[in-house]
There are 2 protein chains.
Amino acid sequence: MLPTFSALAEPNRLRIIELLREGPRPVGEIAARLRLRQPQVSKHLRVLSAAGLVEVHPAAQQRIYQLRAAQFQALDDWLAAYRQFKEASYDRLEEHLNVLQAMEKQDGRPD
Amino acid sequence: MLPTFSALAEPNRLRIIELLREGPRPVGEIAARLRLRQPQVSKHLRVLSAAGLVEVHPAAQQRIYQLRAAQFQALDDWLAAYRQFKEASYDRLEEHLNVLQAMEKQDGRPD
DNA sequence: ATAGAATATTCTTGTCAAGGAATATATATT
DNA sequence: AATATATATTCCTTGACAAGAATATTCTAT
């Protein structure tokens, strides 16, 4: 999941992703819409590809980029693990503290 | 959403988040479990706080950090916009291309 | 008040990655 | 073959940021 977050952590890359939500687009279009230079767009798309967030389909000289559902699904799966905890377990904080202190006793500091 | 992605793009911060999935933890615990130095953990937690991903609850000298549901919900909302497209609209690629070319004609290059 | 424990902050240094500019590659058209 | 169009790659410079080391801050206990 780290490559995904890294890829999305760059402002222009995030803009590209949000643009592609409209549908597949060739590099030139992306550059024009976002007022970016073509080489930078190509570089960003490279990173996004490596992260599995987009995929390419050549069409003549153009390269059409589009979002890759699988990776968004993966993100969704990762997020799923966080839909449970539902915090507000603030009440159980004391409880946690006791547990932690108990652990420290038997642990010693590792190292 | 960018601050969230930026925050999660750092390996150790991502580890912290995944550790906190187990429940609230004081700084020292986090440092010990992840084999990190305390100051770095404090710094990372600062970033995570700023991104709204965690929240603090002081308890004596300790600061108990825990995940902040609201931000994960926000991420979920953002992701929701991507659950639709479902790609495989690869079939409709030609269609898209035609549209795009039509657009180019009337557009001219902006700038 | 003093000492100890837990955490935060500051300063410095090294690394990595994004942008700019130039150029290379691929495909189409004549 | 020559030229045009679309995209990719390379090299360079600069800025941001993470780690390390030292120190400051906050709270507790005696």
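Letters go in sequence order (proteins before strands), and every chain restarts at 1.
Residues A:Arg33 and A:Glu22 are paired through a salt bridge, judged by an N-O separation under 4.0 Å between the basic side chain and the carboxylate.
Per the geometry, CD belonging to A:Glu29 stands 15 Å off C1' belonging to D:dT5, to the nearest Å. Per the geometry, OH belonging to A:Tyr65 stands 11 Å off C1' belonging to D:dA6, to the nearest Å. Distance CZ (A:Arg15) to P (C:dG19): 10 Å, rounded to an integer number of Å. Across the protein-nucleic acid pair, A:Leu2 atom CG and D:dA18 atom C1' stand 14 Å apart, rounded to whole Å. The distance between atom CG of B:Asn12 and atom C1' of D:dG20, rounded to the nearest whole Å, is 14 Å. One atom, CG of B:Leu36, and another, P of D:dA19, lie 7 Å apart when rounded to the nearest Å. Between A:Leu8 atom CG and C:dA18 atom P the separation is 12 Å, expressed in whole Å. Atom CZ of A:Arg46 is separated from atom P of C:dG19 by 15 Å (rounded to the nearest Å).
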Item checked: Contact state string [nucleotides 21-30 of chain D, B base, S sugar-phosphate only, - no protein heavy atom under 4.0 Å] -> BB----BS--
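Residues A:Ser6 and B:Val41 both approach DNA chain C. Their nearest nucleotides, taken by heavy-atom distance, put B:Val41 toward the 5′ side.
In this structure, CG in B:Leu53 is found 10.0 Å from CG in B:Leu20, a value given to the nearest 0.5 Å. Atom-to-atom distance recorded for B:Tyr65:OH and B:Ile30:CD1 is 8.0 Å, nearest 0.5 angstrom.
With 3.5 Å as the limit, one finds a donor-acceptor pair spanning the side chains of B:Thr4 and B:Gln71.
Side-chain contact between B:Val54 and B:Gln66 is absent, with no heavy-atom pair separated by less than 4.5 Å. For the pair A:Arg13 and A:Leu48, the minimum side-chain heavy-atom distance is below 4.5 Å.
Considering only side-chain N and O atoms, B:His44 lies nowhere under 4.0 angstrom from the phosphate OP1 or OP2 of D:dC17.
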